[in-house]
Protein chains: 2
Amino acid sequence: MSYSLTYSQAVLVVVYVADKIRQGFYDYVPTRAIATSLGIPAPTTAKILQALGRAGLIETREGAKGGVRLAVPAADVSLRDILDALEHKRPLFQTHAHVRAKGERPTRAQAAIGRALDGAEQAMRAELARTSVEDILAHFPARPR
Amino acid sequence: MSYSLTYSQAVLVVVYVADKIRQGFYDYVPTRAIATSLGIPAPTTAKILQALGRAGLIETREGAKGGVRLAVPAADVSLRDILDALEHKRPLFQTHAHVRAKGERPTRAQAAIGRALDGAEQAMRAELARTSVEDILAHFPARPR
DNA sequence: ATAACTAGATATACAACGTATTCAGTTTAA
DNA sequence: TTAAACTGAATACGTTGTATATCTAGTTAT
């Protein structure tokens, strides 16, 4: 199992939008332009952008010359922010919800397992928080060749 | 999205089997006994055990008085071992496979994103590797009350 | 008025998951 | 030898989530 493809696409979208600013384009970027450039279907792109907008990572403008642009500086957007925008802090591991063990021993085991899995998830989230969109941008030049 | 419920169940299963040994029961434990005690459907339990068996974490015995038992000491089984047995090292994040961005800039962005996501996954896996089944067992007493 | 945009809702196909059932083979005990 | 207790394997089914497509409605600039 894995995180949805949409998350990776969302990161790419945010990076693309941030890159536009870095290249000196400060206008709103239309959804369709993003979709075309990144090879992501427009409806999917729109959905991603809506989630990012609701999370306050981008701002949108309706109407002609509308589109999206970054609402916060690229350095202030971490991969974790994007994950939360898409996944709404949904837990990575399913622990207590549906396992109906009988007896105290398995129940205590479950609690211990749950804590360990939580720890692993927090480790991952902490690592994601360490990487900002600006860090990604740093891997290629600001100016197109 | 999340890891399958099956993974959490698998951990619980391994802990249960290890706990049996700790309680002085060295016989093979039948699948059905595990399923009943843990409230996991028998076919699901069987599938989990098959995966664990293929990974060498447990050994199985067919026939009457058959069942499963731990193939390695509980201290040598980490939560990561169990994850790999169930998920076969499938990546947590979908990165390169289906995003068909056009141009070098998005492609380089993708590579950078992929590396960052890999790092996050490795952080999680490292954390899982730090917890053994014995660590889980340590959270409750060896002897039943 | 028209074109270019987002927002929202609905629909569809597909994959994955969890569970159930059936059959076949193995092993032990009586 | 037979029956019971077990695992292994295959198949089926229902549910859920995901990705994509389509359509309608509203907004904004020219």
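What you are looking at is a predicted structure, and each value in this text was computed from that prediction instead of being measured. Lettering follows sequence order; numbering is per chain, from 1.
Look at R69(A) and D27(A) and you find no salt bridge, because none of the NZ, NE, NH1 or NH2 atoms lies under 4.0 Å from a carboxylate O.
With distances taken from any side-chain atom of Q50(B) to the nucleotides dT19(C), dA4(C), dG8(D), the minimum falls on dG8(D). With dT27(C), dT6(C), dA19(D) as the candidates, the nucleotide lying closest to the side chain of E62(A) is dT6(C). Distances were taken from every side-chain heavy atom of P30(A) (C-beta onward) to each of dA7(C), dA19(D), dC5(C); the shortest belongs to dC5(C). In this structure, the nucleotide among dT20(D), dA29(D), dA7(C) sitting nearest to the side chain of Q9(A) is dT20(D). Nearest nucleotide to the side chain of R90(B), out of dC17(C), dG8(D), dT18(D): dC17(C). For P41(A), the side-chain atoms get nearest to dT20(D) when compared with the rest of dT28(D), dC17(C), dT20(D). Distance from the side chain of P43(B) is smallest to dT21(C) among dT21(C), dA4(D), dA19(D). Of the candidate nucleotides dA19(D), dT7(D), dG18(C), dA19(D) has the atom nearest to the side chain of L5(A).
Taking atom CZ of residue R32(B) and atom P of nucleotide dT21(C), one finds them 13 Å apart after rounding to whole Å. For L38(A) and dT20(D), the CG to C1' distance is 16 Å, given to the nearest whole Å. Per the geometry, CD belonging to E59(B) stands 17 Å off P belonging to dC6(D), to the nearest Å. If you take NZ of K47(B) and P of dT19(C), they are 9 Å apart, rounded to a whole angstrom. Rounded to an integer number of Å, the gap from CD1 of I40(B) to C1' of dC17(C) is 15 Å. In this structure, L86(B) atom CG and dA16(C) atom C1' are separated by 14 Å, rounded to whole Å. Atom CG of D27(A) is separated from atom P of dT6(C) by 13 Å (rounded to the nearest Å). When rounded to the nearest whole Å, the span between OH of Y28(B) and P of dT28(C) equals 10 Å.
Rounded to the nearest 0.5 angstrom, I34(B) CD1 and L49(B) CG are separated by 5.0 Å. Taking CD of Q9(A) as the reference point, atom CD1 of I48(A) lies at 4.5 Å (rounded to 0.5 Å).
Of the residues in residues 76-85 of chain A, not one places a heavy atom less than 4.0 Å from an atom of DNA chain C.
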| field | salt bridge (charged side-chain N to carboxylate O under 4.0 Å, His left out) between R115(B) and D118(B), intermediate numbers included | value | CA-CA 5 Å; R115(B) 285 193 294 272; D118(B) 266 355; over 6 Å; no
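G66(B) comes within 4.0 angstrom of the backbone, heavy atoms only, and of no base.
Shown here are the salt bridge (charged side-chain N to carboxylate O under 4.0 Å, His left out) partners of E127(B), two or more places apart in sequence or in another chain: R130(B).
Checking Y7(A) against R61(A), the closest nucleotide of DNA chain D that is more toward the 5' end is the one next to Y7(A).
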